[in-house]
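For reference, the structure is listed below as structure tokens.
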Amino acid sequence: MSFKDRIDAGERLADALERLRGEDVVVIALPRGGVEVALPVARRLGAPMTLLMVRKIGLPSQPELAMGAIVDGDKPITVRNESVIGFSGVEEAEFDAVVARELSEIHRRQALYLGGRKPVPIEGRVAIVVDDGIATGATVRAALKGLRARKPAKIVLAVPVASEDALDMLKDDADEVVVLEGLSALGAIGFSYRDFPQLSDADVIAALDAAGTPGQNS
């Protein structure tokens, strides 16, 4: 299966989640890529949409390779990939420096994307976490751990495509996982999309505006 673009993937994901219509649901997108996938899901379910701020902690010498991830909250949660940290020889001070930089970017995005919007209550609700795909799973794992601390009634991880290794790693972090396409090996998420542009801050804001101010349907 391949998807035309993120909106197409979101429509197909919404089909798979239709059964949750009528439940007390909140759709939580992982920006930037997850917002355009989450939008059709939120519209189909008649649910509010908000964001969960999470950032990959990339190796200083190879930023695309995750040595962990961090998610914001009252107490930011850091998930470490000890195998990557070990073989790369990254010192603790180097790791901490990348964490500080990514946390600063999280705070910038949070103010830009959600500043002035009404917060969406999560406690006691069915939280559907949406991204455009999962390769290694490190970033999503941090997101799920951070979300769990907000006490949703249930966490449903929903993505169009994911690697089987990542799904195996994440199986205990979500109460339910919905994936349209599981792959034994996954290089770049974009291989599963015909049109996969990098999204901008403006794209994220436009998707939130299209969904309605977070909280207005809650």
Side-chain angles (χ1 to χ4, degrees), residues 9-10 13-14 16-17 19-20 23-35 37-38 41-42 45 47-59 64-86 95 98-99 102-103 106 109-110 120-186 188-189 192:
L13 203 56
L17 295 166
R19 58 192 165 74
L20 294 175
E23 294 195 31
D24 187 12
V25 168
V26 57
V27 176
I28 302 174
L30 302 186
R32 296 186 179 103
V35 292
V37 182
V41 174
L45 300 181
M49 185 175 95
T50 190
L51 308 177
L52 187 60
M53 301 297 178
V54 61
R55 293 283 292 173
K56 174 173 59 180
I57 303 169
L59 281 175
E64 289 306 308
L65 181 57
M67 57 178 176
I70 184 168
V71 60
D72 196 20
D74 292 336
K75 294 182 179 180
I77 293 175
T78 301
V79 174
R80 296 166 60 97
N81 187 334
E82 296 294 353
S83 62
V84 173
I85 293 171
F95 183 88
V98 179
V99 168
E102 297 302 342
L103 189 56
I106 283 175
R109 292 189 183 193
Q110 191 170 46
V120 176
I122 292 175
E123 184 173 350
R125 307 176 84 170
V126 176
I128 303 177
V129 179
V130 180
D131 204 356
D132 54 12
I134 305 173
T136 66
T139 303
V140 174
R141 191 173 201 186
L144 297 179
K145 287 182 180 296
L147 179 61
R148 186 71 72 183
R150 302 185 190 182
K151 301 180 180 179
K154 180 180 181 180
I155 295 176
V156 179
L157 174 62
V159 293
V161 60
S163 70
E164 292 178 2
D165 286 346
L167 292 177
D168 185 61
M169 181 183 74
L170 294 167
K171 63 184 179 182
D172 295 328
D173 294 302
D175 299 301
E176 182 181 344
V177 179
V178 176
V179 181
L180 303 183
E181 183 177 276
L183 302 179
S184 57
L186 185 62
I189 296 296
S192 293

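Note that the structure is a prediction, hence the values are computed from the model and not measured.
- Going from atom CD1 of Ile85 over to atom CD of Glu82 covers 4.5 Å, rounded to the nearest 0.5 Å.
- In this structure, Ser163 contributes its side chain and Ala135 its backbone to a donor-acceptor pair below 3.5 Å.
- Residues Leu17 and Val25 fail the side-chain proximity criterion, which asks for heavy atoms closer than 4.5 Å.
- Atoms CD and CG, from Gln110 and Leu103 in turn, are 9.5 Å apart once rounded to the nearest 0.5 Å.
- Among all heavy-atom pairs drawn from Leu167 and Ala162, the shortest one is CD2-CB, 3.7 Å.
- Here the CD1-CZ distance, from Ile70 to Arg55, works out to 11.0 Å after rounding to the nearest 0.5 Å.
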Please list, one pair per line, the donor and acceptor atoms closer than 3.5 Å that link side chains of residues 145-153 to other protein atoms, with sequence neighbours excluded.
unit_1	atom_1	unit_2	atom_2	d
Arg148	NH1	Asp175	OD2	3.2
Arg148	NH2	Asp173	O	3.2
Arg150	NH2	Asp72	O	3.3

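- Minimum heavy-atom separation, Ala69 to Ala138: CB-O, 3.5 Å.
- Atom CG of Asp172 is separated from atom CG of Leu144 by 11.5 Å, given to the nearest 0.5 angstrom.
- Every residue meeting the salt bridge (charged side-chain N to carboxylate O under 4.0 Å, His left out) condition with Glu176, not counting sequence neighbours, appears here in chain and number order: Arg19, Lys154.
- Legend: residues meeting salt bridge (charged side-chain N to carboxylate O under 4.0 Å, His left out) with Asp131, ordered by chain and number and at least two apart, are absent.
- Looking at Val120 and Arg125, their side chains come closer than 4.5 Å, going by heavy atoms from C-beta outward.
- Taking 4.5 Å as the limit, some side-chain heavy atom of Ile28 sits within range of a side-chain heavy atom of Ile122.
- Considering all non-hydrogen atoms of both residues, Gly124 and Asp24 come closest at O-OD2, 4.5 Å.
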Problem set entry | Derivation and outcome, side-chain contact (heavy atoms from CB on, under 4.5 Å), residues Lys56 and Thr136 | CA-CA 11 Å; Lys56 174 173 59 180; Thr136 66; over 6 Å; no
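- In this structure, CG in Leu52 is found 9.0 Å from CD1 in Ile106, a value given to the nearest 0.5 Å.
- Considering every non-hydrogen atom in both Val161 and Ser192, the closest pair reads CG2-OG, 3.6 Å.
- Taking all atoms of both residues into account, the shortest heavy-atom contact from Asp132 to Ile189 is O-CG2, 3.6 Å.
- Between Leu170 and Val177, the closest side-chain pair of non-hydrogen atoms is not below 4.5 Å.
- Taking CG of Leu30 as the reference point, atom CE of Met53 lies at 10.0 Å (rounded to 0.5 Å).
- Contact between Leu157 and Ala174 at its shortest, heavy atoms only, is CB-CB, 4.0 Å.
- Within the 4.5 Å cutoff, no side-chain heavy atoms of Arg109 are placed close to those of Leu51.
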